[in-house]
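Worksheet for the structure shown next.
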Number of protein chains: 2
Amino acid sequence: MNRTTQTKRTTIYDLAELAGTSASAVSAVLNGNWKKRRISAKLAEKITKLAEEQGYALNMQASVLRRDRSKIIGMIVPKYDNRYFGSIVEQFEALARARGLFPIITCTMRDPALELEAARAMLSYQVDCLVATGATDPDRVMDLCAAAGVRTINLDLPGSHAPSVISDNYGGALELTRRVLANCEKEYGEKTPLLFVGGRGTDHNTMERVRGFRDAHAEAGVTVDEALVQTCGYAPEKAENAMRQLAERTSDLPRGMFVNSTISLEGVMRWIRRSGHYADRVPQLGCFDWDPFVAMLGDHIEMVRQDVPKMLDAVFGIIDSGATDITVVQIPPIVEKIG
Amino acid sequence: MNRTTQTKRTTIYDLAELAGTSASAVSAVLNGNWKKRRISAKLAEKITKLAEEQGYALNMQASVLRRDRSKIIGMIVPKYDNRYFGSIVEQFEALARARGLFPIITCTMRDPALELEAARAMLSYQVDCLVATGATDPDRVMDLCAAAGVRTINLDLPGSHAPSVISDNYGGALELTRRVLANCEKEYGEKTPLLFVGGRGTDHNTMERVRGFRDAHAEAGVTVDEALVQTCGYAPEKAENAMRQLAERTSDLPRGMFVNSTISLEGVMRWIRRSGHYADRVPQLGCFDWDPFVAMLGDHIEMVRQDVPKMLDAVFGIIDSGATDITVVQIPPIVEKIG
DNA sequence: AATTCTTGCTTCATCGATTGAGCAAGCATG
DNA sequence: CATGCTTGCTCAATCGATGAAGCAAGAATT
C-alpha cells in the first residue's frame, strides 16, 4: 500500500474503495456529520483509520466549490515594515484560525491599483469576508465586494460603504500634541508651534490627527504655523525631503514635531542626524505609532500606541454578529509612558 | 440588467447565455487561450465586454479543481515583529505575483505544532509549492509535503529534505564579532570575551553564528567564556531573563555582546536600561539583523543585515528552474556601516 | 401476518471551469 | 462533383466533495 511517489493525491473515492464503501459515506465521516447521516460508529472508525494511514488531505478547492460558504477570510494590508501592521496581521490570523476561518492576506504596498487587484483576486477565491486595512480607496474595494455579495470591514482607515474600526485619531493626536508642547515648554521655556510631518492630507486619519494637533495648540494658546503642516506622505524619503525643504526655507526650525507614523519618523530622524541642524539641541518629538527601539531613542520622544488587540476584537465582533450597518468604531490608543 | 443584490455570482454559463454562445467558448476567451481554440476575434471581444459589464469574476475553486497546477504558492513565516521577516514576506508576495502565482502566507508564531497545521492547511488548498521560512522543524514539514507531491524550499533555516536558501551565518557572525571585539578594544583598551545572547542552541543558524563568534575570538587571541554563551531563545523576555540571571552570578559583566536578533536585542536593551548595570559605560553591541531605529541608537551598535532581495531571488531561482536537489545556498549578509 | 418505523447505507446531481473530441459550414483542390 | 482541409464553434466528461433522495434489511407495532 506504500506508493513511493504519490502522483495522484488520495481522494474520498480511493478511501471508499479501500473501505469497501461509498464516497458519500467517507465524506460524511471525514467532515464530521456522520451521526446526522446515520453512519455506524464502526464504519466511521474504519474510515478514519484508513484516512490517517493513507495521509488523506481534504481537497479544499473541491469542498469550497460545493459548499455555500468558503470559510476563507481575506485581509489587505499596506506594508509589513512596522510593528503596527505586523501585529494587526498576527492578531488577525490568530483570531481567524480560532474561528475555523482560513486567513489570506495580501500586502498592497500602499498602491490603490494593487488594492483593487488584490481584492479581485480574493473574490475569485470566494472569501466570505474581506477586511481592508489602511486602504487608500476603501470605498472602491467595498463596492467591488458588495457587487459580489461579500461582506467587508474597514480597519485603520474608515470608509463610508461598510463598518469601520479605527483608532481615536483625534483624541490620540490631541494628547500627543499636548505632551510634546509641554515637553517643549519644560525644555526650552517657550511655547512655539510644532511641525506636523508625514501622512496623506487626504486620508481620514491624518486629517483627524491634524485636527487634534490644532486643538492642542489652541488649548495652549499657540497659533499653528500653516507652513509647518507637512502631510507629505508616509515613506521615509518623503518625510526626509519635507524636512530638507523646510530647512531651506527657514533658519528658525521648530522646537518640536508631531510625526505621523514610525515609518515617517525613520526619515525625520535620518534627516536630523545627517543635516546636523539640531546638533545643539534635540527637538521634542511625538510619534503616532509605537516601536520598541524608538522608545529607547531617548526621553525626548513621546509615542501613541494604537490598541491592536482591542481593534481586532472589534473587527471580529462585527464579523461574528453579522452586523452590516455602517458605523465607525473608535478605539482609544494608548499614550506610552516615556522610558 | 442591474441586480441590486446579486445573490448568485455570475458564471461562465450566465455569460454564455447572454452572449448566445457556449460556456466552453466563454472559458476559452476569458482564460486567454481562445486563439488556440480557434474562437473568432469578434466573439472574443463580445464575451470580454460582457464579462466586464457583468462584473464577472473567475471562480478559482472551480478552476483550480479542474487544472493540474493551482498556481498557489504558500509560505510559512515565524513572526511579523521585525523588519527581516517583514521584508521577506513583502518580497515573496511581489515576486510571486510577478510570476502569476497567488501567495498565501501563514504566521506560525515559532510554534512547531502550528507549522505542521499550517502546512497541512496549505496542502488542502493545493499549493504547488511551499516555502518554509525559519521553520523550527523544517524536515517534518518537508515530509508532509513530499507525501503529497508538493515541492518545498527552506528559507532562513536549512533542512535536509529540500533545497535551502540561508544567510552565510558563519561569515556574518565572524565579521560582526570581529567588529564588536575591535570596538571593545578601541573603547576600553582591552580584549575580553563577549556575551552571546539569543536564539536557540539547536537551530542551525544559531550554531553557525556561535561558531563564527568563537572563531573571531580565537583570531583575536581571546578565550571564549562558556558561561557567556546564552542561547536562551529569541523572545525579548527570554533575553532579558538571561541577562538578569547572568548579572546575579557575576559582578564583572561583559564589555560587549553579540545579540542574535533584533527581537532579542529588544530584551537586552530593556534590561540594560532598567537594571542600570551599564550606567557608567555602555557595552559594545553587535546585532545579527537590521533595524532602522537600532541604527540610530548610537555608534556602539554594529549590525548585520541579511540580504533579503538576494535570498528571495535565490528562492525563486530554484522554483523557476524546478531544481529539487538538496543544496544549501548561502547568501552573504551585509555588515552595516555605523551611523 | 401485515404494516410502519428505524437503521445504515448508496446513488446521483451538483458546484463552475477546463479541455479533448467532434461536428457543420465554407473553401480549396484535383 | 467528390474529397479534404480550415475555421469556428459545441458537447460532454471531468476534477473531488457534498447532501438530498432513495432503497433494502431488520425491528417494532398493530
Side-chain angles (χ1 to χ4, degrees), chain A residues 6-47 51 54-72 102 123-126 128 148-149, chain B residues 6-47 51 54-72 102 123-126 128 148-149:
Chain A
Q6 194 165 15
T7 315
K8 297 286 282 170
R9 318 269 258 254
T10 308
T11 70
I12 53 169
Y13 296 94
D14 302 330
L15 294 178
E17 191 156 10
L18 286 169
T21 182
S22 71
S24 178
V26 174
S27 170
V29 168
L30 296 179
N31 69 25
N33 60 2
W34 53 279
K35 293 214 165 166
K36 231 171 296 172
R37 312 240 354 233
R38 296 190 313 224
I39 307 290
S40 65
K42 195 179 138 213
L43 181 56
E45 199 174 340
K46 183 178 180 185
I47 289 172
Q54 299 295 315
Y56 169 80
L58 177 64
N59 182 324
M60 275 295 178
Q61 309 306 347
S63 179
V64 167
L65 176 61
R66 196 63 203 356
R67 280 167 2 207
D68 50 341
R69 288 188 49 219
S70 70
K71 299 195 168 194
I72 302 176
F102 187 76
L123 291 179
S124 273
Y125 281 96
Q126 314 296 112
D128 285 336
Chain B
Q6 195 165 14
T7 314
K8 296 288 281 173
R9 319 266 258 253
T10 309
T11 70
I12 52 169
Y13 297 94
D14 302 330
L15 294 179
E17 191 155 9
L18 286 169
T21 181
S22 71
S24 177
V26 174
S27 170
V29 169
L30 296 179
N31 69 27
N33 61 2
W34 51 280
K35 294 214 166 166
K36 228 171 298 171
R37 298 199 49 125
R38 298 189 310 225
I39 306 290
S40 64
K42 196 179 137 213
L43 180 58
E45 199 174 339
K46 182 176 178 185
I47 289 173
Q54 299 294 314
Y56 169 80
L58 176 66
N59 182 324
M60 276 296 176
Q61 259 71 41
S63 179
V64 167
L65 177 60
R66 194 54 185 46
R67 280 166 3 205
D68 51 341
R69 288 188 49 220
S70 69
K71 299 193 168 197
I72 302 176
F102 187 77
L123 291 178
S124 272
Y125 282 95
Q126 312 297 111
D128 284 337

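Quantities reported herein were computed from a predicted structural model and do not represent experimental measurements. What's counted below: heavy atoms across the whole structure, side chains too, no hydrogens, waters or symmetry copies. Letters A, B, ... mirror the listed sequences (proteins, then strands); counts begin at 1.
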Residues that B:Ser70 engages under side chain to side chain donor-acceptor pair (under 3.5 Å), provided they are two or more places apart: B:Asp128
Strictly below 4.0 Å: does A:Thr21 bring a side-chain N or O up to OP1 or OP2 of C:dC9? no
Can you measure A:Asn33 atom CG to C:dG8 atom P for me and round it to whole angstrom units? 16 Å
For residues A:Tyr125 and B:Ile72, determine if any side-chain heavy atom of one lies less than 4.5 Å from a side-chain heavy atom of the other. yes
To the nearest 10°, give me the bend of the helix from C:dA1-D:dT30 to C:dG30-D:dC1, comparing the axes of its five terminal pairs at either end. 60°
Contacts of B:Ser124 meeting side chain to side chain donor-acceptor pair (under 3.5 Å) (sequence neighbours excluded), chain-then-number -> none
Quick check for you: name the first and last nucleotides of DNA chain D, 5' to 3', having an atom under 4.0 Å from a heavy atom of chain A. D:dG16 to D:dA20
For residues B:Leu30 and B:Tyr56, report the shortest heavy-atom separation together with the two atoms involved. CD1-CE2, 3.5 Å
Rounded to the nearest 0.5 Å, how far apart are CG of B:Leu58 and CG of B:Asn31? 8.0 Å
Atom NZ of A:Lys36 to atom C1' of C:dG8: distance rounded to whole Å? 17 Å
Would you indicate whether the side-chain heavy atoms of B:Arg9 and A:Gln126 approach each other to under 4.5 Å? yes
Going by atom type alone, with no hydrogens or angles, which donor-acceptor pairs under 3.5 Å involve a side-chain atom of residues 11-27 of chain A and a protein atom two or more places apart or on another chain?
unit_1: A:Thr11; atom_1: OG1; unit_2: A:Tyr13; atom_2: N; d: 3.1
unit_1: A:Thr11; atom_1: OG1; unit_2: A:Asp14; atom_2: N; d: 3.4
unit_1: A:Asp14; atom_1: OD2; unit_2: A:Thr11; atom_2: N; d: 2.9
unit_1: A:Ser22; atom_1: OG; unit_2: A:Ala25; atom_2: N; d: 3.2
unit_1: A:Ser24; atom_1: OG; unit_2: A:Arg37; atom_2: NH2; d: 3.2

Separation of C:dT10 C1' from A:Leu43 CG (nearest whole Å): 12 Å
May I ask you to say what A:Asp68 touches in the nucleic acid, namely base, sugar-phosphate or nothing, with a heavy-atom cut-off under 4.0 Å? nothing
Give every pair of a protein N or O atom and an N or O atom of nucleotides 14-18 of chain C that lie under 3.5 Å apart, one pair per line with the distance.
unit_1: C:dT14; atom_1: O2; unit_2: A:Arg66; atom_2: NE; d: 2.3
unit_1: C:dT14; atom_1: O2; unit_2: A:Arg66; atom_2: NH2; d: 3.2
unit_1: C:dG16; atom_1: N2; unit_2: B:Ala62; atom_2: O; d: 3.1
unit_1: C:dA17; atom_1: OP1; unit_2: B:Tyr56; atom_2: OH; d: 2.3
unit_1: C:dA17; atom_1: OP1; unit_2: B:Asn59; atom_2: N; d: 3.4
unit_1: C:dA17; atom_1: OP2; unit_2: B:Ile12; atom_2: N; d: 2.6
unit_1: C:dA17; atom_1: N7; unit_2: B:Tyr13; atom_2: OH; d: 2.9
unit_1: C:dA17; atom_1: N6; unit_2: B:Tyr13; atom_2: OH; d: 3.3
unit_1: C:dT18; atom_1: OP1; unit_2: B:Ser63; atom_2: OG; d: 3.1
unit_1: C:dT18; atom_1: OP2; unit_2: B:Ser27; atom_2: OG; d: 2.8
unit_1: C:dT18; atom_1: OP2; unit_2: B:Asn31; atom_2: ND2; d: 3.2
unit_1: C:dT18; atom_1: O2; unit_2: B:Arg66; atom_2: NE; d: 3.3
unit_1: C:dT18; atom_1: O2; unit_2: B:Arg66; atom_2: NH2; d: 3.2

Examine C:dT11: is either OP1 or OP2 under 4.0 Å from a nitrogen or oxygen in the side chain of A:Ser22? Give yes or no. no
Would you mind listing every side-chain hydrogen bond (donor to acceptor under 3.5 Å, both in side chains) that reaches into residues 57-68 of chain A, with sequence neighbours excluded? A:Gln61-B:Gln61, A:Ser63-A:Arg67
